[in-house]
Trainee: 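Dropping the structure in here first, questions after.
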Amino acid sequence: MRLAEVGFFLFMVDCILCNNYIFSRFLGNCPFLGVSSKVETSIGMGLAVTFVMGLASAFTWVAYTYLLEPYDLKYLDTIAFIFIIAALVQFVEMFMKKSLPALYNALGIYLPLITTNCAVLGVALLNIKSSYGLIESVLSGVFGALGFLLAIVMMAGVRERLETSDIPKPFRGFSISLVIAGMMAVAFMGFTGLVK
């Protein structure tokens, strides 16, 4: 879906709700299930992913358009994008360690895992596949990451409520998290009719 065809608002709705990276594209499930136990850490992780996805969309588009495509190196796009994303995550990690140490400690191992978060690589590859320009790529990355933030915060809110709920023994723990994630994915499928 192109920004010029549908307008800003529907493009945003499509990226956040209809093509949500967690519930529709099933990308980024590791941090989604790993960090979504507390709302505070989920918000921090979602904001870090939003920052990285927005920057990664811009940097990967520039690298593809001005380096890989002109020199006929398009087959190296995945490797180049991984290096760009890894560098951006290192930057975010250093920034958070210096300015937000409590959040840095709360995220723990999941912060470096943004490097291997397939949603971040997925948005870069999907932007190129969709032939987006720079503005569309950045908006797609930011709105896609806001969809990730929405999904992880919703899941964290539900999981916090589940801690005080009486759940049958076979469903306790990770099992109920998967059931809830599946229900949320089905609910998000209802948004696909908004844009098409």
Trainee: Applying a strict under-4.5 Å side-chain criterion to I, L, V, M, F, W and Y, I'd like to know whether I16 and F8 cluster together.
Mentor: yes
Trainee: Less than 4.5 Å apart, side chain to side chain, heavy atoms only: is that true for F59 and V62?
Mentor: no
Trainee: Can M189 be reached from L17 by stepping across I, L, V, M, F, W or Y side chains whose heavy atoms are under 4.5 Å apart?
Mentor: no
Trainee: Between the side chain of R159 and the main-chain N/O of I176, is any donor-acceptor distance below 3.5 Å?
Mentor: no
Trainee: Find the distance between CG (L76) and CZ (F81) and round it off to the nearest 0.5 Å.
Mentor: 10.5 Å
Trainee: Using the rule given for side-chain contact (heavy atoms from CB on, under 4.5 Å), can you reason through V153 versus E40, listing the C-alpha separation, both sets of side-chain angles and the distance that settles it, and then say yes or no?
Mentor: CA-CA 8 Å; V153 170; E40 295 81 23; over 6 Å; no
Trainee: For the atom pair CG (L126) and CG (L121), what is the distance rounded to the nearest 0.5 Å?
Mentor: 9.0 Å
Trainee: For the atom pair CZ (F23) and CZ (F148), what is the distance rounded to the nearest 0.5 Å?
Mentor: 10.0 Å
Trainee: Short question: side chain of S165, backbone of R161 - any donor-acceptor pair under 3.5 Å?
Mentor: yes
Trainee: Any chance you could measure F191, atom CZ, to D14, atom CG, to the nearest 0.5 Å?
Mentor: 12.5 Å
Trainee: Evaluate the side-chain proximity of I22 to M155: yes if any heavy-atom separation is below 4.5 Å, no if none is.
Mentor: no
Trainee: Run the numbers on F188 and L150 for side-chain contact (heavy atoms from CB on, under 4.5 Å), then give the verdict.
Mentor: CA-CA 11 Å; F188 267 67; L150 174 69; 3.9 Å; yes
Trainee: Any side-chain to backbone donor/acceptor pair from N127 onto Y132? Under 3.5 Å, distance only.
Mentor: no
Trainee: Are M94 and I84 in one and the same hydrophobic cluster, where Ile, Leu, Val, Met, Phe, Trp and Tyr link if side-chain heavy atoms are under 4.5 Å apart?
Mentor: no
Trainee: Do F26 and M154 sit in one hydrophobic cluster, given that two such residues count as connected whenever their side-chain heavy atoms are within less than 4.5 Å of each other, even indirectly?
Mentor: no
Trainee: Could you go through M45 and S36, starting from their C-alpha distance and side-chain angles, then the distance that decides it, and tell me whether this counts as side-chain contact (heavy atoms from CB on, under 4.5 Å)?
Mentor: CA-CA 9 Å; M45 179 63 147; S36 62; over 6 Å; no
Trainee: State, to 0.1 Å, how close I114 and A48 come at their nearest heavy-atom pair, and which atoms those are.
Mentor: CD1-CB, 3.9 Å
Trainee: Check the pair V138 / W61 against side-chain contact (heavy atoms from CB on, under 4.5 Å), numbers first and verdict last.
Mentor: CA-CA 9 Å; V138 172; W61 183 88; over 6 Å; no
Trainee: Nearest 0.5 Å please: distance from the OG atom of S140 over to the CD1 atom of I135.
Mentor: 12.5 Å
Trainee: I want to check something: taking the side chain as every heavy atom from C-beta on, are L162 and I180 in contact at a cut-off of under 4.5 Å?
Mentor: yes
Trainee: Taking side chain as C-beta onward, heavy atoms only, is Y104 less than 4.5 Å from F95?
Mentor: no
Trainee: Are any non-hydrogen side-chain atoms of V92 and L88 less than 4.5 angstrom apart?
Mentor: no
Trainee: Do L149 and L146 have side chains that approach each other closer than 4.5 Å (heavy atoms only, starting at C-beta)?
Mentor: yes
Trainee: Under a 4.5 Å side-chain heavy-atom rule over Ile, Leu, Val, Met, Phe, Trp and Tyr, are F83 and I85 clustered together?
Mentor: yes
Trainee: Tell me whether S24 contacts the main-chain N or O of C18 through its side chain, where contact means a donor paired with an acceptor under 3.5 Å.
Mentor: yes
Trainee: Measure the CD1-OH distance between I79 and Y75 for me, rounded to the nearest 0.5 Å.
Mentor: 9.0 Å
